[in-house]
Student: 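One structure is given below, represented as structure tokens, and several questions about it will come after.
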Amino acid sequence: MSESSSVVEVCVAGTGSYVPERILTNGELAKMVDTSDEWIVTRTGIRERRIAADDEFTSHMSTKAALRALEQAGMTAGEIELIVVATITPDTPTPATACHVQHQLGASNAVAFDISAACSGFLYAMKICKRLISDGAFNNALIIGAEKLSTVTNWEDRSTCVLFGDGAGAAVLRKAGPGEGSIVATEMGTDGNLTHLLEIPGGGSACPITAQNAGQHLHTLNMQGKEVFKIAVNRMKEAAEKVIERAGWRAEDIACVIPHQANLRIIDAIADRLAVPNERVFVNLDKYGNTSAAAVAIALDEANRTGAFKRGDHIVLVVFGAGLTWAAAAIRW
Ligand code: ACO
């Protein structure tokens, strides 16, 4: 699904992120399952990840990231009109995590809801909210990608437990004023024929967790990594190319590519295929692992705050996840 740029420009007015204090290193994981720091670093690029405390929920991480984004945007919670949280690890199946965040922020004038698109959720939220703002339905939106994946990880399965982590990232979108940046082009796609490649099979209406099946890890992430890997590279490359083309840019015009942080080998393959030099591709998965919907949001904030790009620069975000889903955005900062 594609969208041409709208008449009303929408900009990213502020970004924020939060990761829990607790660091879980590859060395610690090697004491829990049959793995090694060498295998994890070579095959994924991940060195450590963050794990939320038992009493630290997806909404709490979301709220901390949101407060930082609001501060950077120079806005108060009361001014926010729309809150969208992208997550596959909501605090509660219902109400939506966005409702908990609205309460915690005191954003009493906001409409709040969640979306579920796994690792692609933050950019799905960006596209939805961009359109809602440019259509005039809302003046601004707070979009958040947040996950507590440690609660849906099988800590006995070495093929997945080394990959995931917890955290949250946020961005404030609003109508752009003169001289401000713009979300120039967005793209999103889904292939529901491939749901089985990456899923949490239990805990929903298809397979409720019961006393009988409680020990079978049905509520945890299963992935056919090799198959997902190949499709991820192709879909992310295509999605990025579409927004770059729609924006009318060339590879050499792009100051920074911010990809989903799942595997350094996937990121390197995409950089190579887009002909963007590695130094212009933002990577932080060594510190946080794959935080699903939070990953690109945390990376955007870190790239923004560490000066990986400046006002007026062209940046490209591109993501891939369960569904299978993918999305991209071209932003003039
Ligand atoms: N430590 C040591 N050995 C391991 C580990 C481990 N942690 N995990 C797997 N192995 C072994 C396997 O058993 C296998 O051994 P074998 O050859 O004797 O059978 C060997 O290592 C190779 O395993 P593969 O699964 O083929 O390893 P691969 O190189 O494909 O890497 C990985 C696996 C990291 C999961 C990779 O396939 C990947 O990153 N896939 C894509 C992930 C992704 O992008 N997901 C989408 C987003 S996630 C989301 O939406 C929540």
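Note that these values count all heavy atoms, side chains included, but never hydrogens, waters or copies made by symmetry.
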Student: Could you tell me if the side chain of Ile266 sits less than 4.5 Å from the side chain of Phe229, heavy atoms only?
Tutor: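 Answer yes - side chains close enough.
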
Student: After noting the C-alpha distance and the side-chain angles of Asn263 and Arg43, does the key distance pass the side chain to side chain donor-acceptor pair (under 3.5 Å) rule?
Tutor: CA-CA 8 Å; Asn263 189 312; Arg43 304 309 295 166; over 6 Å; no

Student: Within the 3.5 Å criterion, strictly below it, is a donor on Glu147 or Thr291 matched to an acceptor on the partner's side chain?
Tutor: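 Side chains of Glu147 and Thr291: no pair found under 3.5 Å.
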
Student: Roughly how far, to the nearest 0.5 Å, is CD of Gln224 from CD1 of Ile231?
Tutor: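 Reported value, rounded in 0.5 Å steps: 9.5 Å.
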
Student: Looking at every non-hydrogen atom in both residues, tell me the closest pair between Phe320 and His260 and how far apart they are.
Tutor: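 Taking every non-hydrogen atom into account, O-CD2, 3.3 Å.
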
Student: Using the test ring-ring contact (aromatic ring centres under 6.0 Å, His included), find all partners of Phe309 that sit at least two apart in sequence or belong to another chain.
Tutor: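 Partners of Phe309 by the ring-ring contact (aromatic ring centres under 6.0 Å, His included) criterion, ordered by chain and then number, come out as Trp333.
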
Student: Applying the side chain to side chain contact (heavy atoms under 4.5 Å, CB included) test to Leu123, which of Thr186, Leu317, Val318 qualifies?
Tutor: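 Of Thr186, Leu317, Val318, side chain to side chain contact (heavy atoms under 4.5 Å, CB included) with Leu123 is met by Leu317 alone.
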
Student: Kindly check if the number of other-residue, nucleotide or ligand heavy atoms within 6.0 Å of CD (Glu227) is above 12?
Tutor: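 Atom CD in Glu227 is packed in, count exceeds 12.
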
Student: Contact between Asn213 and Thr210 at the side-chain level, heavy atoms closer than 4.5 Å - yes or no?
Tutor: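 Result yes, sub-4.5 Å side-chain heavy-atom pair found.
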
Student: Just how far is it from atom CG of Asp253 to atom CD1 of Ile315, taken to the nearest 0.5 Å?
Tutor: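 Here the interatomic distance stands at 14.0 Å.
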
Student: Please indicate whether Glu21 has more than 12 foreign heavy atoms, meaning atoms of other residues, nucleotides or ligands, lying under 6.0 Å from its CD.
Tutor: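 At most 12 heavy atoms, drawn from other residues, nucleotides or ligands, come within 6.0 Å of this atom.
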
Student: Check whether any side-chain heavy atom of Cys119 sits under 4.5 Å from a side-chain heavy atom of Thr325, and report yes or no.
Tutor: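 Not in contact.
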
Student: How far apart are the closest heavy atoms of Ile258 and Ala303, and which atoms are they?
Tutor: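 Taking every non-hydrogen atom into account, CD1-CB, 3.9 Å.
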
Student: Quick one: does Leu29's side chain get under 4.5 Å of Thr25's, heavy atoms only?
Tutor: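 Contact flag for Leu29/Thr25 side chains = no.
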
Student: Evaluate side chain to side chain donor-acceptor pair (under 3.5 Å) for Gln72 paired with Asn304, printing each intermediate quantity in order.
Tutor: CA-CA 11 Å; Gln72 194 176 76; Asn304 182 22; 3.0 Å; yes

Student: Side-chain contact, heavy-atom cut-off 4.5 Å: Leu173 with Cys11?
Tutor: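 A side-chain contact is absent here, since even the closest heavy-atom pair is not under 4.5 Å.
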
Student: For residues Ala141 and Ile133, report the shortest heavy-atom separation together with the two atoms involved.
Tutor: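 The answer is N-CD1, 3.8 Å.
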
Student: With distance as the sole criterion, is a donor-acceptor pair present between the side chains of Thr92 and His100 under 3.5 Å?
Tutor: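 Side chains of Thr92 and His100: pair found under 3.5 Å.
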
Student: Is Leu149 linked to Tyr18 within one hydrophobic cluster, defined over Ile, Leu, Val, Met, Phe, Trp and Tyr using a side-chain heavy-atom separation of less than 4.5 Å?
Tutor: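 Different hydrophobic clusters.
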
Student: Considering residues, nucleotides and ligands other than His196, do more than 12 of their heavy atoms fall under 6.0 Å from its NE2?
Tutor: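 Yes, the 6.0 Å shell around NE2 holds more than 12 heavy atoms from other groups.
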
Student: Can you find a heavy atom in the side chain of Trp155 that is under 4.5 Å from one in the side chain of Ser150?
Tutor: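 Heavy-atom side-chain distance check passes, below 4.5 Å.
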
Student: Do NZ/NE/NH1/NH2 and the carboxylate oxygens of Lys287 and Glu302 come within less than 4.0 Å?
Tutor: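 Salt bridge present between Lys287 and Glu302.
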
Student: Assess whether a salt bridge exists between Lys242 and Glu245, defined as any Lys/Arg side-chain N lying under 4.0 Å from an Asp/Glu carboxylate O.
Tutor: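 No, no charged N to carboxylate O under 4.0 Å.
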
Student: Over all heavy atoms of both residues, which pair between Ala185 and Arg246 is shortest? Give the atoms and the distance, please.
Tutor: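 Closest heavy-atom pair between Ala185 and Arg246: CB-CB, 3.9 Å.
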
Student: Find the distance between SG (Cys161) and CZ (Arg49) and round it off to the nearest 0.5 Å.
Tutor: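 That separation rounds to 8.0 Å.
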
Student: Please enumerate all residues that pass ring-ring contact (aromatic ring centres under 6.0 Å, His included) together with Phe57, with sequence neighbours excluded.
Tutor: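 His60.
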
Student: Could you check if a side-chain atom of Glu81 sits within less than 4.5 angstrom of a side-chain atom of Val111, using non-hydrogen atoms only?
Tutor: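 Contact flag for Glu81/Val111 side chains = no.
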
Student: Counting only pairs under 3.5 Å, give me each side-chain donor-acceptor contact of residues 197-208, with atom names and distances, residues two or more places apart or in other chains.
Tutor:
none

Student: Does this structure show an ion pair linking Asp268 with Arg265, if we count only N-O contacts that are shorter than 4.0 Å?
Tutor: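 Result for this pair is no, no salt bridge flagged.
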
Student: Using a strict threshold of under 4.0 Å (side-chain N to carboxylate O), is an ion pair present between Lys237 and Glu241?
Tutor: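 A salt bridge links Glu241 with Lys237.
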
Student: Which heavy atom of Ile46 sits nearest to which heavy atom of Leu163, and what is that distance?
Tutor: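 Scanning both residues, the minimum pair turns out to be CD1-O, 3.5 Å.
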
Student: Between Arg158 and Asp34, is there a salt bridge with N-O shorter than 4.0 Å?
Tutor: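 A salt bridge is present here (some side-chain N lies under 4.0 Å from a carboxylate O).
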
Student: If we only count heavy atoms from C-beta on, is the Asp157 to Thr220 side-chain gap below 4.5 Å?
Tutor: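 Asp157 vs Thr220: side chains apart.
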
Student: With side chain to side chain contact (heavy atoms under 4.5 Å, CB included) as the test, pick out the partner of Glu9 among Glu180, Lys175, Arg332.
Tutor: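 When side chain to side chain contact (heavy atoms under 4.5 Å, CB included) is applied between Glu9 and each of Glu180, Lys175, Arg332, only Arg332 qualifies.
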
Student: What's the shortest heavy-atom distance between Ala146 and Ser62, and which atoms?
Tutor: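 Minimum heavy-atom separation between Ala146 and Ser62: CB-OG, 3.1 Å.
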
Student: For Arg47, does the CZ atom have more than 12 heavy-atom neighbours from other residues, nucleotides or ligands under 6.0 Å away?
Tutor: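 No.
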
